[in-house]
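None of these values were measured; they are calculated from a predicted model.
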Amino acid sequence: MKVYETKEIKNISLLGSKGSGKTTLAEAMLYECGVIKRRGTVEAGNTVCDYFPVEKEYGYSVFSTVLYAEFLNKKLNVIDCPGADDFVGNAITALNVTDTGVILIDGQYGVEVGTQNIFRTTEKLNKPVIFAVNQLDGDKADFDNVIGQMKEIFGPRVVQIQFPVACGAGFNSMVDVLLMKLYTWGPDGGVPTISDIPAELMDKAKELNQILVEAAAENDETLMDKFFEQGSLTEDEMREGIRKGLVDRSIYPVFCVSALKDMGVRRMMEFLGNVVPFIDEMPAPCTADGVEVKPDANGPLSLFVFKTTVEPHIGEVSYFKVMSGTLNAGADLTNMAKGNRERLAQIYCVCGQIKTPVDKLVAGDIGATVKMKDVKTGNTLNDKGCEYVFDFIKYPEPKYSRAIKPQNEPDAEKLSEILTRMHGEDPTWIVEQSKELKQTIVKGQGEFHLRTLKWRIENNEKLMVNFLEPKIPYRETITKAARADYRHKKQSGGAGQFGEVHLIVEPYTEDMPKPDTYRFGNQEFKMNVKDTQVIPLEWGGKLVVHNCIVGGAIDARFIPAIVKGIMDRMEQGPLTGSYARDVQVCIYDGKMHPVDSNEISFRLAGRHAFSTAFKAANPKILEPVYDVEVLVPSDKMGDVMSDLQSRRAIIMGMDSEKGFEKLTAKVPLKEMASYSTALSSITGGRSSFTMRFASYELVPGDVQDKLLKAYEESNTDEE
């Protein structure tokens, strides 16, 4: 295979909602380039892209697939991404390592929520976008309506390169207003007949051509001057103008295709090869230290590993982009995350399962290697003397979580190893060993995302597991001041144990004054603060302890033991065993014994005194509340709002956003356990949501009563 230079390489992401036809389009592209001799289908399970067992089982893409094609003396690296929102991490990764996004839109359903979500990602990353309206041969296809939606949602930058002569079952021709030609296909698609535009379509073609010419001219002053002088541009000048417009996102070209029938695919690929920006025309990425790294084949050698996976019959495969320099097979590089050396004995260009050995890859190219010792997704591999570290991929917060445990307890360690490895393959699978909840929690982007994880563990690793609803990380706190004392006394021959602690608790708030006087009934307690410990808690909030002992009632050396006893109960709250937070404690009196007092005695006395005072201080349970943002079609707004309100949501606002409604709310985490599935069911998969931790808030009284009762019953069962 030819070694392509940086100026001959284009990296492209294939994006779109689930069912828009990306995998089918990828098959047609590979067929047109001669990479494959026969096009597979998703239904038959024989496509180049969907080759993992789990994908064949589910019938849709789960992983992104790296492809390459040699076309017009250029190398097109294409990453076909899953369309389901649950697997959005793949699309985010792909856009970070490619330079242009081709977004497919289903000609029957138009712009969907998933389309908008991925477009937002291209905005954040400032990537050029090309739209391809697919499935124009579908019964419900309506190209003009789709174009209207696109202009409404994405603005006037949407510019047609083509329009179909007719949609539906009769779709077999289109007008290209860049080349000003009519393309017509036979029943099997493939190579078109190219002819002059018929008279009845010429006015529309000229109008769209003029819009395209103006859009191209706007991106170059020289072209603009020529356009004003002559009223037109040559084909090459238009390509140059469109290329510059793509780079600064001032133009979003629109193509027409039927991927299933291979109509319009080759023409779109010609545009990708001739017009889409080359790697060195795009803004250079920066290292974690902010150093700009241009794709220079003569620069220091540095690779970024953007994907790792275990593939059938091969083992571990690491996919990388050459960020700088020239990579030769057999190179020894340093993993900057681990400090160890890794040998790339063989390097490949990849087309799904097809891996073609190559001798070298230059800056900007994408390739793969196998069986490296200890390389994870996100690692940077450098040659000697190169200190680059790349960390530019930012993933969304998880939206769905489950507790996971093996069906056979002895397999716990094996499961932990598998989960660690799978997180290395897909960083959007988050694994958390929760000391607080005493559960292993796995988090992802949705139910299907975690269902895929479970399928792989059970079918690939042959380890049966159970999913459970995760416990909620409640917090406990107090709402008023209370006093308690406790004497710990134990005598069983020899040295005994003795410690007595008197303390007062009250709610803690930031910047509150030091305690002065408390009154309980007819008694007044004056505090003389000698010293203060402010303990920030790992789980949020603070514990503040004031030593107010006077007259040596308790020796200062026992104060740390009392604080440890208090912390014992802060780590396992008296109400439900949850973490406690935001409590101020004044240790003001006590007693000790010259012989029997020791640290354990005062630790136990402090623990019991604190627990008694806590329960008397009108304790409350706090629950985590999340900010939730839902993007929903207007016709489903009422249903979605009703469902949220049934989940104890507080609706914070409603807004229209480019054809959809945006609903913002604060929702308790307890009520979000099955929201991903419910929202998909309510809206037919046409909505999406994000959630982010907001705060801890008091639970309603009836909810607290249920929690207390459940905790009491669980403790009784354990006894």
Side-chain angles (χ1 to χ4, degrees), residues 6 9 11 13 63-64 66 77 79 89-99 121 124-127 279-280 282-310 315-350 358 360-395 420-430:
T6 301
I9 299 168
N11 296 326
S13 293
F63 306 103
S64 60
V66 178
N77 290 313
I79 303 182
N90 291 272
I92 291 171
T93 298
L95 276 170
N96 273 276
V97 297
T98 58
D99 303 300
T121 303
K124 290 176 185 175
L125 299 175
N126 200 30
K127 299 288 184 176
I279 293 164
D280 57 358
M282 296 299 297
C286 292
T287 67
D289 296 327
V291 178
E292 187 179 83
V293 179
K294 294 185 180 299
D296 180 4
N298 297 314
L301 177 57
S302 181
L303 314 181
F304 176 70
V305 179
F306 64 86
K307 171 182 165 78
T308 57
T309 186
V310 177
E316 189 164 299
V317 181
S318 301
Y319 295 84
F320 57 81
K321 181 177 182 180
V322 183
M323 306 301 289
S324 173
T326 298
L327 172 67
N328 292 290
D332 284 310
L333 304 179
T334 300
N335 184 343
M336 300 302 285
K338 306 290 180 68
N340 59 298
R341 299 287 286 179
E342 294 281 357
R343 182 174 178 80
L344 284 73
Q346 183 66 67
I347 56 178
Y348 303 91
C349 284
V350 181
V358 292
K360 67 169 60 175
L361 295 169
V362 305
D365 212 343
I366 288 173
T369 190
V370 297
K371 298 178 181 175
M372 287 200 282
K373 290 182 294 185
D374 190 18
V375 172
K376 306 299 181 189
T377 299
N379 288 171
T380 304
L381 306 179
N382 290 339
D383 204 355
K384 290 180 180 177
C386 180
E387 298 297 324
Y388 296 154
V389 175
F390 296 98
D391 182 26
F392 46 73
I393 302 181
K394 308 301 177 189
Y395 295 106
T420 299
R421 186 175 73 243
M422 288 192 171
H423 170 71
E425 293 181 28
D426 181 352
T428 59
W429 277 326
I430 308 297

Quick one: does any side-chain atom of Lys127 pair with a main-chain N or O of Lys124 as donor and acceptor, under 3.5 Å? no

Going through the distances and angles, do Val350 and Tyr319 end up as a side chain to side chain contact (heavy atoms under 4.5 Å, CB included)? CA-CA 9 Å; Val350 181; Tyr319 295 84; 3.8 Å; yes

Do you know which two heavy atoms are closest between Val358 and Cys349, and how far apart they sit? CG1-SG, 3.9 Å

Main-chain N/O of Phe63 paired with Lys307 side-chain donor or acceptor, under 3.5 Å: no

Between Phe304 and Tyr388, is any pair of side-chain heavy atoms under 4.5 Å apart? no

Contact check, side chains of Val317 and Val310, non-hydrogen atoms, under 4.5 Å: no

Do Leu361 and Ile347 touch side chain to side chain, with heavy atoms closer than 4.5 Å? yes

Kindly list each side-chain donor-acceptor pair under 3.5 angstrom involving residues 333-341, sequence neighbours excluded, with atom names and distances?
residue, atom, partner, partner atom, Å
Thr334, OG1, Arg341, NH1, 2.6
Asn335, OD1, Ala337, N, 3.0
Asn335, ND2, Asp374, O, 3.1
Asn335, ND2, Asn379, OD1, 3.1
Lys338, NZ, Asp374, OD1, 3.1
Lys338, NZ, Asp374, OD2, 3.0
Asn340, ND2, Glu342, OE2, 3.0
Arg341, NH2, Asp332, O, 2.9

First locate atom OG1 of Thr121, then atom CG of Asn96, and finally report the distance between them rounded to the nearest 0.5 Å. 9.5 Å

If you count the non-hydrogen atoms of other residues, nucleotides and ligands that lie under 6.0 Å from NZ in Lys376, is the total more than 12? yes

Side chains of Ile279 and Met282, heavy atoms from C-beta outward: is any pair under 4.5 Å? no

Please check this pair: side chain of Thr377 against backbone of Thr308, looking for a donor-acceptor N/O pair closer than 3.5 Å. yes

Please check: side-chain N/O of Thr6 versus main-chain N/O of Gly364, any donor-acceptor pairing under 3.5 Å? no

A side-chain contact here means heavy atoms from C-beta on lying under 4.5 Å apart; do Phe306 and Val66 qualify? yes

Which residues pass the salt bridge (charged side-chain N to carboxylate O under 4.0 Å, His left out) test with Glu316, not counting sequence neighbours? none

So do Pro285 and Met323 actually touch side chain to side chain, heavy atoms under 4.5 Å? yes

Are any non-hydrogen side-chain atoms of Ile79 and Val97 less than 4.5 angstrom apart? yes

Between Arg343 (side chain) and Gly330 (backbone), is there a donor-acceptor pair under 3.5 Å? yes

Below 4.5 Å, heavy atoms only, C-beta onward: do Val389 and Thr287 meet side chain to side chain? no

The reported gap from CG in Asp280 to NZ in Lys294 (rounded to nearest 0.5 angstrom) is 9.5 Å

Between Asp289 (side chain) and Val291 (backbone), is there a donor-acceptor pair under 3.5 Å? no

Can you measure from CH2 (Trp429) to NE2 (His423) and round to the nearest 0.5 angstrom? 11.5 Å

Among Ile366, Leu327, Leu381, find the residue that satisfies the side-chain contact (heavy atoms from CB on, under 4.5 Å) test when tested with Phe320. Leu327

Verify whether one side chain among Ser13 and Thr98 offers a donor that lies under 3.5 Å from an acceptor in the other. yes

Give a yes or no answer on whether the side chain of Ser302 reaches the backbone of Ser324 with a donor-acceptor pair at less than 3.5 Å. no

Going from CG on Leu301 to CG on Asn298, what distance comes out if it is rounded to the nearest 0.5 angstrom? 12.0 Å

Working to the nearest 0.5 angstrom, can you tell me the gap between Ser318 OG and Met372 CE? 3.5 Å

Value for CG (Asn11) from CG (Leu95), rounded to nearest 0.5 Å, stands at 11.5 Å

